Colleague: 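Can you read through this structure? Questions will come right after.
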Amino acid sequence: MADHFWLSDAQWAVIEPHIPKVYTGKRRVDDRRVISGIVHRLREGCRWRALPEVYGPYTTVFNRYNRWSKRGLWQRILTALSEAADPPVTAMIDSSSVKAHRSASGGKGGLCLVAAITLWTK
């Protein structure tokens with residue numbers, strides 16, 4: 001269980017106000033657990049099916065990630081996290097382990113959600 005990612009109380013306090021409060025259909029599972037599962041999956045790079053069971057059914061985690069991506073919720077959460085955190089003292093990238101596709105240059109710059117959360121959780 002030590003290698004599973006869980007949002008801290010401080011992180012959850014920043015994210016929670018941005019979570020949609022409209023509940024339709026079945027009773028909703030714990031948002032904190034699902035978001036922790038999404039961050040775990042993005043940090044580890046595993047397939048959705050390989051997500052540990054402690055985060056709930058992988059289909060629930062994937063569907064929540066997919067729906068919220070289409071609504072732009074992750075951009076709002078990223079903005080809130082970046083405004084709530086102090087800038088990192090040191091940030092390094094090892095070029096021997098980060099491969100870029102030949103067409104990777106020229107893309108829009110900026111932090112991705114995984115990089116922002118990773119920097120914020122250190």
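In this text, all values refer to a predicted model and were calculated from it rather than measured experimentally. All values below come from the heavy atoms of this structure, side chains included, with hydrogens, waters and symmetry mates left out.
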Colleague: Arg64 and side chain to side chain contact (heavy atoms under 4.5 Å, CB included): which single residue from Val61, Thr60, Asn66 fits?
Modeller: Thr60
Colleague: Can you list the steps and then say if Asp31 with Ile15 is a side chain to side chain contact (heavy atoms under 4.5 Å, CB included)?
Modeller: CA-CA 10 Å; Asp31 289 322; Ile15 293 173; over 6 Å; no
Colleague: Find out whether Pro20 and Arg71 are in side-chain contact, i.e. whether some heavy atom of one side chain is under 4.5 Å from a heavy atom of the other.
Modeller: yes
Colleague: First locate atom CD of Gln75, then atom NE2 of His18, and finally report the distance between them rounded to the nearest 0.5 Å.
Modeller: 12.5 Å
Colleague: Can a salt bridge be assigned to the pair Asp3 and Arg43 using a cut-off of 4.0 Å between side-chain N and carboxylate O?
Modeller: no
Colleague: Would you say the side-chain atoms of Arg41 pair up with the backbone N or O of Cys46, donor to acceptor, closer than 3.5 Å?
Modeller: yes
Colleague: Within this structure, what is the OG1-CH2 distance for the pair Thr79 and Trp74, rounded to the nearest 0.5 Å?
Modeller: 13.0 Å
Colleague: Carefully, step by step, assess Lys21 and Ile19 under the rule side chain to side chain contact (heavy atoms under 4.5 Å, CB included).
Modeller: CA-CA 6 Å; Lys21 302 295 184 224; Ile19 305 299; 4.2 Å; yes
Colleague: Enter the distance from Leu51:CG to His40:NE2 here, rounded to the nearest 0.5 Å.
Modeller: 6.0 Å
Colleague: Give a yes or no answer on whether the side chain of Gln11 reaches the backbone of Ser8 with a donor-acceptor pair at less than 3.5 Å.
Modeller: yes
Colleague: Just to verify, what does Phe62 make a ring-ring contact (aromatic ring centres under 6.0 Å, His included) with, not counting sequence neighbours?
Modeller: Trp48
Colleague: Would you say the side chain of Tyr65 lies within less than 4.5 Å of the side chain of Ile35, judging by non-hydrogen atoms?
Modeller: no
Colleague: Restricting to side-chain contact (heavy atoms from CB on, under 4.5 Å), what partner residues turn up for Ala13, sequence neighbours left out?
Modeller: none
Colleague: May I ask you to check whether Tyr55 and Arg33 show a side-chain donor-acceptor distance below 3.5 Å?
Modeller: no
